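As a basis for the values below, the full set of heavy atoms in this structure was taken, side chains included, without hydrogen atoms, waters or symmetry mates. Since this is a predicted model, take the numbers as computed values, not measurements.
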Amino acid sequence: SIAILPINAQINWGIKGGINYTNLSSHSKHQIGWHIGPMTEIHLPVKNLMIDAALLYQHTDYSTEFLDEEIKSIEIPVNLKYNLTSTEKVDFFVATGPQFLFLLDKSTNFASSWNFKGGIKCFKHIQLEVGYNIPLGRTFEVHMIGDNFTEKVKRKGWNVSAAYLF
């Protein structure tokens, strides 16, 4: 006989937005950008473990002496998240996982990276987090001002986000 057990997966939806503080591999000047989009948390059957995913629009202007690029992308982070504490009022968490980047208006239109983040969730609805993103290969190509060459670069950096879960 086959037994089918129901899984009561709790799924939370919300909206997430924040700022990015990133640089390109060959250019040390950091630039500030922003991101916004829907997010979800899918609670797994293991206590305090969940999938944290989002569909984010991200925008950053890279303007330096040698570079003038406006980067727009759709980013899909999919993180495994673990609540270090679980109370009614405050949860501290850590998360890690891949992020898939779809560049808009670029010849190279796909890249991937890895996220590390931590944060706090208050009253089960308000989430604040800080993360670092490491590229897993080249992110895109940029045309250098005043030169006739294109350079392949990696984008890495910090992000700070706030989310509201319904």
Side-chain angles (χ1 to χ4, degrees), residues 9-64 67 69-86 91-122 126-142 150-165:
Q10 182 181 354
I11 300 174
N12 299 323
W13 296 93
I15 186 86
K16 179 185 221 176
I19 60 170
N20 309 316
Y21 188 65
T22 58
N23 76 337
L24 303 179
S25 55
S26 60
H27 308 281
S28 61
K29 186 175 180 182
H30 283 78
Q31 302 291 325
I32 295 177
W34 54 271
H35 60 270
I36 191 164
M39 67 161 295
T40 187
E41 276 185 344
I42 303 168
H43 295 254
L44 300 175
V46 177
K47 185 177 179 178
N48 295 334
L49 196 62
M50 61 197 79
I51 301 293
D52 178 275
L55 178 65
L56 303 173
Y57 173 79
Q58 181 167 301
H59 182 275
T60 305
D61 286 317
Y62 291 97
S63 296
T64 67
L67 177 68
E69 285 281 335
E70 179 182 40
I71 306 299
K72 298 180 231 174
S73 61
I74 300 296
E75 301 191 4
I76 305 171
V78 181
N79 295 292
L80 186 61
K81 183 177 184 180
Y82 181 74
N83 280 344
L84 299 170
T85 60
S86 187
D91 296 332
F92 291 95
F93 64 86
V94 292
T96 189
Q99 179 166 298
F100 307 100
L101 171 90
F102 299 92
L103 293 161
L104 307 174
D105 302 326
K106 291 284 175 204
S107 60
T108 303
N109 60 6
F110 176 78
S112 60
S113 58
W114 198 267
N115 292 319
F116 297 93
K117 63 183 182 175
I120 185 171
K121 189 187 324 181
C122 302
I126 299 168
Q127 180 173 290
L128 303 171
E129 66 185 35
V130 174
Y132 190 74
N133 187 271
I134 299 171
L136 299 175
R138 300 286 183 217
T139 306
F140 54 85
E141 295 179 352
V142 295
T150 300
E151 183 178 349
K152 292 181 180 182
V153 295
K154 295 180 181 185
R155 186 189 70 187
K156 58 185 171 187
W158 295 94
N159 59 69
V160 177
S161 300
Y164 184 83
L165 296 161

Nearest heavy atoms of [X] and [Y], plus distance in Å:
X	Y	answer
Asp91	Ser86	OD1-CA, 3.1 Å
Gln127	Leu165	OE1-CD1, 4.2 Å
Pro77	Leu56	CG-CD1, 4.2 Å
Tyr57	Lys72	OH-CD, 3.1 Å
Lys121	Phe93	N-CE2, 4.2 Å
Ser113	Pro135	CB-CA, 3.8 Å

Return the set of residues passing ring pair (Phe, Tyr, Trp, His ring centres under 6.0 Å) with Tyr132 (not counting sequence neighbours), or none when no residue passes.
-> Trp158

Using salt bridge (Lys or Arg N to Asp or Glu O under 4.0 Å) as the criterion, list what pairs up with Lys81, not counting sequence neighbours.
->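 By the salt bridge (Lys or Arg N to Asp or Glu O under 4.0 Å) rule, Lys81 matches Glu41, Asp52.
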
Should Ile126 and Tyr164 count as side-chain neighbours, where that means a heavy-atom distance under 4.5 Å?
->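 Sidechains of Tyr164 and Ile126: in contact.
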
Roughly how far apart are [X] [atom1] and [Y] [atom2], rounded to 0.5 Å?
X	Y	atom1	atom2	result
His59	Ile36	NE2	CD1	13.5 Å
Ile19	Ile32	CD1	CD1	6.0 Å
Phe110	Ile74	CZ	CD1	13.5 Å
His43	Asn48	NE2	CG	10.0 Å
Leu44	Met50	CG	CE	8.0 Å
Ser161	Lys117	OG	NZ	7.0 Å

Per-pair distances, 0.1 Å, donor-acceptor, side chain in residues 96-104, under 3.5 Å, sequence neighbours excluded:
residue, atom, partner, partner atom, Å
Thr96, OG1, Trp114, NE1, 2.6
Thr96, OG1, Asn115, O, 2.8
Gln99, OE1, Asn115, ND2, 3.2
Gln99, NE2, Glu75, OE1, 2.5

Could you list the residues that satisfy side chain to side chain donor-acceptor pair (under 3.5 Å) with [X], not counting sequence neighbours?
X	value
Thr22	Tyr62
Lys16	Glu129
Asn20	His35, Gln58

